[in-house]
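In what follows, a structure is listed as structure tokens, so that the remarks can point back to it.
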Amino acid sequence: MKRAFSFTLLWVCFLLAYRANAQSGPDQQKWQHNYEEATKQAAAEHKPILMVFAGSDWCKPCIMLRREVWDTPEFRDYAKEHFVLLELDFPRFKKNQLPAEQKKDNEQLAERYNQEGVFPLVVLTDAQGQVLGKTGYQPGGPEKYISHLEQLLQHN
């Protein structure tokens with residue numbers, strides 16, 4: 001009985017590890033956390049940057065946006081072809097604090113693009129940093145949000 005339980009537990013752990021690895025595989029769109037790297041990628045791939053100012057551990061609309069849009073297969077597939085993703089997080093809990101350099105970089109970008117201190121704030125820019133549009137949380141799931149982003153880009 002113990003042997004069967006141990007084998008089952010081992011198998012479940014293997015499947016969970018495999019699934020986690022598959023979700024972060026080479027085909028997944030990765031979120032950048034460094035502005036310079038994001039601008040280089042955007043210039044090389046001729047894509048706009050989707051920059052998100054988020055409070056991952058305290059901002060309910062930020063958490064909802066991640067759950068309802070960013071983490072969906074529909075958005076990930078769309079973003080892979082259309083955006084360079086840049087997440088600028090501002091966690092409040094001590095256990096989630098960022099390295100000092102990243103925190104400083106995020107604060108400098110907030111001074112430039114988020115002077116009002118809005119969370120979540122989604123800023124679309126070109127590779128040179130020119131703002132193409134700004135938005136925040138929008139209910140309705142990935143399809144509606146993608147349509148909203150496309151409308152913002154069309155106005156430029």
Could you tell me which non-hydrogen atom of [X] sits nearest to which non-hydrogen atom of [Y], and how far apart they are?
X	Y	value
P142	E68	CD-O, 3.4 Å
C62	F53	SG-O, 4.5 Å
P91	D57	CA-OD1, 3.3 Å
K47	E81	CE-O, 3.7 Å
T125	M51	CG2-CE, 4.0 Å
E74	I146	O-CD1, 4.0 Å

Pairwise distance [atom1]([X]) to [atom2]([Y]) - rounded to 0.5 angstrom:
X	Y	atom1	atom2	result
Q32	Q41	CD	CD	5.0 Å
L124	Q130	CG	CD	12.5 Å
W58	R92	CH2	CZ	4.0 Å
N114	L88	CG	CG	9.5 Å
D126	H46	CG	NE2	13.0 Å
D77	H82	CG	NE2	11.0 Å

K103 atom NZ, over 12 foreign heavy atoms within 6.0 Å: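 Result for NZ/K103: open.
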Check: F75 ring centroid to W70 ring centroid under 6.0 Å: yes
K60 backbone acceptor or donor facing Y137 side chain under 3.5 Å: no
Side chain to side chain contact (heavy atoms under 4.5 Å, CB included) evaluation trace for Y145 with Y78: CA-CA 11 Å; Y145 206 87; Y78 179 82; over 6 Å; no
Do [X] and [Y] come within less than 4.5 Å of each other through their side chains, counting heavy atoms only?
X	Y	value
R76	K80	no
L65	V122	yes
F90	N106	yes
F83	L149	yes
L86	Y35	yes

Applying the 4.5 Å side-chain criterion to the ILVMFWY set and letting contacts propagate, would [X] and [Y] be lumped into a single cluster?
X	Y	answer
L121	I63	no
F119	L98	no
V118	V131	yes

Intermediate values then yes/no, side chain to side chain contact (heavy atoms under 4.5 Å, CB included), Q138 and K144: CA-CA 8 Å; Q138 301 277 324; K144 186 173 178 186; 5.5 Å; no
Cationic N near anionic O, under 4.0 Å, E37 to K30: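 Salt bridge absent between E37 and K30.
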